[in-house]
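Every number for a ligand or one of its atoms is a count from 1 in the order of the listing.
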Amino acid sequence: MRHGLLLIDERGRVVLASGRILNILGGREGVISQGSSLREVLRIVRRCAGGAWGQVRAQMWSHVRARLPRPHAEHISGTFEMTLQQHLLEVHLQPVTGGRWAVAFEDVTARRAAEAEAEAMARRDPLTGLPNRLLLRERLQEALGRLRRSREGCAVLLIDLDRFKPVNDTLGHPMGDALLKKVADRLRSTVRPTDTVARIGGDEFVILQTGVREASDTQALARRLVDLVGRTYMVDGHLLTIGASVGVALAPGDGSEADTLLKNADLALYRAKLDGRATYRFFEPEMDARMQARRRLELDMRQALARREFQLHYQPQLQLEGNRLVGCEALIRWQHPVRGTVSPLDFIPLAEEIGLIVPIGEWVMRQACRDAVTWPAPLSVAVNVSPAQFKSERLVEMVMSALAASGLPATRLEVEITEGVLLQESERTLQTLHRLRELGVRVSMDDFGTGYSSLSYLRSFPFDKIKIDRSFVSDLSSNRDGEAIIRAIAGLGKSLGMTTVAEGVETADQLERIRAEGCTDVQGYLISRPISAAEVLKFLTAAPRNQ
Ligand SMILES: Nc1nc2c(ncn2[C@@H]2O[C@@H]3COP(=O)(O)O[C@H]4[C@@H](O)[C@H](n5cnc6c(=O)[nH]c(N)nc65)O[C@@H]4COP(=O)(O)O[C@H]3[C@H]2O)c(=O)[nH]1
């Protein structure tokens, strides 16, 4: 029985005593029963408490005294806890009618132990047993408190696993879980007992390093982490390799609040990932400034569509045989009321990263089709389509809808993709490209020659056009390799039945050499800079070029 009850009358006599819990109070020292006086009860409890009496008395009186306006027990009400014979008893005092009062006991030892366990579990990651975000935060706050008192520095190392997602996706979650446990073991093995290793997200870990005297202490740990996590794992018969990117913030230099340190470690981690992953970076104040600038750009960009700040400019493309204009490439321009003209090179990468390229790209596609339908047939329009747009399921439907809404025949639309598009989920991407081709849309490979494996991509999809990157064209004047490369690509295009366009042609000399090397088309400032939609019609209908 976990409960017990004493009813005490106005003269301090026990008039009712029930419940086996009273045995705990009395134990071998005596029995609390009907007729015992309060004094007797206290004496029994005192004997039962033995050496712990001082503590028991303190527990009782801290509650009772605080509530005693007069030395009358009937005024006492409320609850307190006391520990007797390893039992934690919750004691409720309650005045009842006739000047009597009731004392109810409950043995809460097991309940409190369960509560304590649940509380401890609420601070642990169930998979690895490591502290979770909550406990990490508490430990970090403790460390920062010590820092204020003793000037003992600490460091937050935020670790993100590189290439963990493919393991989880392709080999399944049990394998991913097993791998995470191994990572946790390795992290634990490389820190001191006073440091904390926590898991705060799917594949995100944090190490709180304490007792840091110099940044080099933390640098050594960061280097060790990158090396250790990057070593091969054997999980269930599979050899797996992942990596670690680490962002580091030091206290007090990079902040003396938990939130600031975690945020700054995150900024440093972002940098480490941008710098190619499998590396560590220490926080620098410029990272914060850069991130804020990025956030402002993001906000502005989100509004730009609604505020109609985007425009399309078009750059004509010339077919060398017969000096005939064959179409234009659509190039986005952003006219911001305060920033002025923002180059696509400054906002397209961010738009891709945050997925905003999908609505922006849709606007470009629809506008380009609407403009191109006003040009004389068979002039075509080329639209850049980003890798992130290929991830969106709707790309083909969106293109069909843009064509249908504008009335532009599919054969007058061309999509330009870069190697980045083919790098991702190639099967699905190839399917999308084939579906576009089935519609009649042409597909060209942009920036050819700048990526790692441009040649192999030519085998994977029958492109209509190869656009030779302008760096090879600008090399023409200075270096003979440029000429050889252009000749090779032009030859390749010819034998594969593809058009070859040299980009960035600025001088008559470049044009002649390109013609001599066998390219079929050119695009560049020599023909025309990108011009506004209004200027395009005039340009397209003007007399044929005579370069
Ligand atoms: N030095 C030199 N440059 C020349 C010459 N001729 C053309 N250019 C520039 O070269 C870039 C050609 O576009 P890109 O390679 O597709 O490279 C584009 C493309 O990757 C991206 N971009 C532009 N518009 C869009 C768009 O609507 N959607 C997507 N996804 N990306 C776009 O931004 C990049 C830069 O665009 P822009 O700044 O407009 O820069 C354009 C164009 O203005 C020349 O003779 N000399």
Q.
Go through it in stages, so that I can follow the logic: the residues are Arg513 and Gln510, the test is side chain to side chain donor-acceptor pair (under 3.5 Å), and I'd like the CA-CA distance, side-chain angles, deciding distance and then a yes or no.
A. CA-CA 5 Å; Arg513 291 196 200 200; Gln510 287 170 342; over 6 Å; no
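- Shortest contact from atom 38 (O) of ligand 1 to any protein heavy atom: Pro344 CG, 3.5 Å.
- Under 4.0 Å from ligand 1, the heavy atoms of Val505 that appear belong solely to its backbone.
- The two atoms that bring Val421 and Val385 nearest to each other are CG2-O, 3.9 Å, heavy atoms only.
- Side-chain atoms of Ser401 and Arg366 form a donor-acceptor pair, as typed in the model, at a separation below 3.5 Å.
- Near Val364, meaning under 4.0 Å from any of its heavy atoms, are these atoms of ligand 1: 27 (O).
- Comparing heavy-atom distances from atom 15 (O) of ligand 1 across Leu331, Ile527, Asp447 singles out Asp447 as nearest.
- Heavy atoms of Glu329 found under 4.0 angstrom from ligand 1 belong exclusively to the side chain.
- Taking atom 30 (N) of ligand 1 as the reference point, the nearest protein heavy-atom neighbour is Ser386 OG, 2.8 Å.
- Protein heavy atom closest to atom 10 (O) of ligand 1, with residue, atom name and distance, is Arg470 NH1, 2.5 Å.
- Environment of CD in Glu286: crowded, with over 12 heavy atoms of neighbouring residues, nucleotides or ligands closer than 6.0 Å.
- Counting the atoms of ligand 1 from 1 in the order shown, those under 4.0 Å from a heavy atom of Leu345 are 34 (C), 35 (C).
- The contact set between ligand 1 and Glu506, taken as ligand atoms under 4.0 Å from a residue heavy atom, comprises 1 (N), 2 (C), 44 (C), 45 (O), 46 (N).
- Those atoms of ligand 1 that come under 4.0 Å of a heavy atom in Glu503, given as number and element, are 15 (O).
- Around atom CE of Met400, no more than 12 heavy atoms belonging to other residues, nucleotides or ligands sit under 6.0 Å away.
- For atom 31 (N) of ligand 1, the closest heavy atom belonging to the protein is Asn384 CB, 3.6 Å.
- For the residue pair Gln219 and Tyr280, a side-chain donor N or O sits within less than 3.5 Å of a side-chain acceptor on the partner.
- Short contacts between ligand 1 and Gly524, defined as distances under 4.0 Å to a heavy atom of the residue, involve ligand atoms 6 (N), 45 (O).
- The heavy atom nearest to atom 39 (O) of ligand 1, considering only Gln367, His313, Arg333, is found in Arg333.
- For ligand 1 and Gln315, the ligand atoms under 4.0 Å from any heavy atom of the residue are 6 (N), 7 (C).
- Side-chain atoms of Gln315 and Glu329 form no donor-acceptor pair, as typed in the model, at a separation below 3.5 Å.
- The number of heavy-atom neighbours closer than 6.0 Å to CZ of Arg186, taken from other residues, nucleotides and ligands shown, is above 12.
- The nearest non-hydrogen atom to atom 3 (N) of ligand 1, considering only Trp363, Tyr525, Phe310, comes from Tyr525.
- Counting heavy atoms closer than 4.0 Å to ligand 1, residue Gln523 contributes nothing at all.
- Atoms of ligand 1 lying under 4.0 Å from at least one heavy atom of Pro530, given by number and element, are 43 (O).
- For atom 27 (O) of ligand 1, the nearest protein heavy atom is under 4.0 Å away.
- Relative orientation of the Trp334 and Phe310 rings is tilted, given thresholds of 30° and 60° on the angle between their planes.
- The single protein non-hydrogen atom nearest to atom 24 (N) of ligand 1 is Ile332 N, 3.1 Å, given as residue, atom name and distance.
- The side-chain heavy atoms of Ile354 and Arg302, taken from C-beta on, include a pair separated by under 4.5 Å.
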Q: Start with the C-alpha gap between Tyr270 and Arg290, add the side-chain angles, then the distance that decides, and say whether side chain to side chain donor-acceptor pair (under 3.5 Å) holds.
A: CA-CA 11 Å; Tyr270 179 74; Arg290 231 177 294 146; over 6 Å; no
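- Side chains of Arg428 and Gln431: a donor-acceptor N/O pair is absent below 3.5 angstrom, by distance only.
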